Amino acid sequence: MVARLDMRKLIMTVIMVLIGIAFLMPFLWMISASFKVEEEVLTFPIKWIPQNWNVVENYKEVWTGSMPFLLLYWNSIKVTVLTTLVSCTVSCLAAYGFAKINFKGRDFIFLIVLATFMIPPQTLLVTQFLLYRWLGLYDTHTGLILLNSFSVFGTFMLRQFYLGISNEIIESARMDGAGHFRIFTSICLPLVRPAIATYAILRFIWTWNDFQNPLIFLRSKELYTIQLGVQSFSDQHGSVYSLMMAASVSAILPLLIIFIIGQKNVIEGIQLGGVKG
């Protein structure tokens, strides 16, 4: 019986490894293509290790060519980091209020908030565009940051973790004279740290990859984010696949770094959510 279970585990491990390799192959091809001269990119069968390396020239063209990738990176980092910070702060406060503060109409208001999650964001673009122009936030990074700073998903996700915190702990803190701010910062935040880290990483990825909002709400090229920059780079060099792959690798590199750094918290947050769910 034990041998049979070990064999099943071995077979499942091999299958998972093969599936993982299948998912990684496009990414590995992209990296390999960014190292090659253009003539070797589309050769068949695929040569994963380039015969003629062209790494310096490809990435030099991307970073110092017609598109200012350093400026694009700075714009994306600024917008993404500030959006993530503001969104995590707002979602944490809202989730705590809906989970641990009793006030009249709390559940009804939360249902209304959840109902807005079903509204396709594309239906709000015209209204948002007109509102942002009237407020003077059109074609600014401030407006772009505010667009993604209020998340129904983040509020709902973190509320579920706050509900898992024992009310007895909070009542004990209140008996010791702690207010909501002290309870929130000293008790609740440390306990839901994996969930906050998980949401922060997801928000970072979503904001970094966002193409629609910068396309609509940014007009000045000096304010472009990396996604708009890659699109403009594609318009100029779309037929040169080695350069396009180098630009794509440059665009997704921060996401890989963020996920590698925070994957432990993501896995922990998912495990805690599975136990509580």
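Counting begins at 1 with the first residue of the sequence. Remember, predicted model here, so these are calculated numbers, not experimental data. Because only heavy atoms are used, hydrogens play no part in the values below, and waters and symmetry mates are left out as well, while side chains stay in.
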Visitor: Are any of the side-chain heavy atoms of F110 and R159 separated by less than 4.5 Å?
Guide: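 The answer is yes, as the side chains (C-beta and beyond) meet within the 4.5 Å cut-off.
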
Visitor: For L253, give me all partners under side chain to side chain contact (heavy atoms under 4.5 Å, CB included), at least two apart in sequence or on another chain.
Guide: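 Per chain and number, L253 pairs via side chain to side chain contact (heavy atoms under 4.5 Å, CB included) with Y73, I257.
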
Visitor: Connecting only ILVMFWY residues whose side-chain heavy atoms lie within less than 4.5 Å of each other, what is the rest of L124's hydrophobic cluster?
Guide: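 L124 shares its hydrophobic cluster with I119.
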
Visitor: Contact between L189 and Y162 at the side-chain level, heavy atoms closer than 4.5 Å - yes or no?
Guide: yes

Visitor: At their closest point, which heavy atom of G229 faces which heavy atom of L72, and how far apart are they?
Guide: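 That would be CA-CD1, 3.5 Å.
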
Visitor: With sequence neighbours left out, what residues match R133 under side chain to side chain donor-acceptor pair (under 3.5 Å)?
Guide: none

Visitor: Count the heavy atoms belonging to other residues, nucleotides or ligands that lie under 6.0 Å from CZ of R106, then report whether that count exceeds 12.
Guide: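 It does: R106 CZ has more than 12 such atoms within range.
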
Visitor: Sequence neighbours left out, what passes side chain to side chain donor-acceptor pair (under 3.5 Å) with S220? Give chain and number order.
Guide: D139

Visitor: Could you pull out all residues at least two apart from I112 that satisfy side chain to side chain contact (heavy atoms under 4.5 Å, CB included)?
Guide: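 Expected list: F108.
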
Visitor: Tell me every residue that passes ring-ring contact (aromatic ring centres under 6.0 Å, His included) with Y59, counting only those two or more places apart in sequence or in another chain.
Guide: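 With sequence neighbours excluded, Y59 shows a ring-ring contact (aromatic ring centres under 6.0 Å, His included) to no residue whatsoever.
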
Visitor: Is there a side-chain contact between W134 and L131 (heavy atoms, below 4.5 Å)?
Guide: yes

Visitor: Would you say T207's side chain and R203's backbone share a donor-acceptor pair under 3.5 angstrom?
Guide: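 Flag set: sc T207 to bb R203 pair under 3.5 Å.
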
Visitor: The criterion is ring-ring contact (aromatic ring centres under 6.0 Å, His included); which residues satisfy it with F217, sequence neighbours excluded?
Guide: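 For F217, the residues satisfying ring-ring contact (aromatic ring centres under 6.0 Å, His included) (neighbours in sequence not counted) are Y132.
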
Visitor: Test of understanding: with side chain to side chain donor-acceptor pair (under 3.5 Å), list the residues that count as partners of Q212, not counting sequence neighbours.
Guide: none

Visitor: Parallel, tilted or perpendicular, judged at 30° and 60°: which one describes the rings of F129 and Y138?
Guide: perpendicular

Visitor: Checking S34 side chain against I31 main chain: does a donor-acceptor pair fall under 3.5 Å?
Guide: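 At least one qualifying donor-acceptor pair exists.
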
Visitor: For F117, check ring-ring contact (aromatic ring centres under 6.0 Å, His included) against everything at least two apart and list the hits.
Guide: none

Visitor: Are any side-chain N or O atoms of T116 and backbone N or O atoms of V113, one a donor and one an acceptor, separated by less than 3.5 Å?
Guide: yes

Visitor: Throw together a table of side-chain donor-acceptor distances under 3.5 angstrom for residues 141-151, partners on residues two or more places apart or in other chains.
Guide:
unit_1	atom_1	unit_2	atom_2	d
H141	ND1	K78	NZ	3.0
H141	NE2	L223	O	2.9
S149	OG	I145	O	2.5
S151	OG	F153	N	3.4
S151	OG	G154	N	2.9
S151	OG	Y199	OH	3.2

Visitor: Quick one: list whatever passes side chain to side chain contact (heavy atoms under 4.5 Å, CB included) with L18, sequence neighbours left out.
Guide: V14

Visitor: Is a side-chain donor or acceptor of T123 paired with a backbone partner of P120 at a separation under 3.5 angstrom?
Guide: yes

Visitor: Of all residues at least two apart in sequence or in a different chain, which pass the ring-ring contact (aromatic ring centres under 6.0 Å, His included) check with W74?
Guide: none

Visitor: For W208 and A251, indicate whether the former's side chain and the latter's backbone hold a donor-acceptor pair under 3.5 Å.
Guide: yes

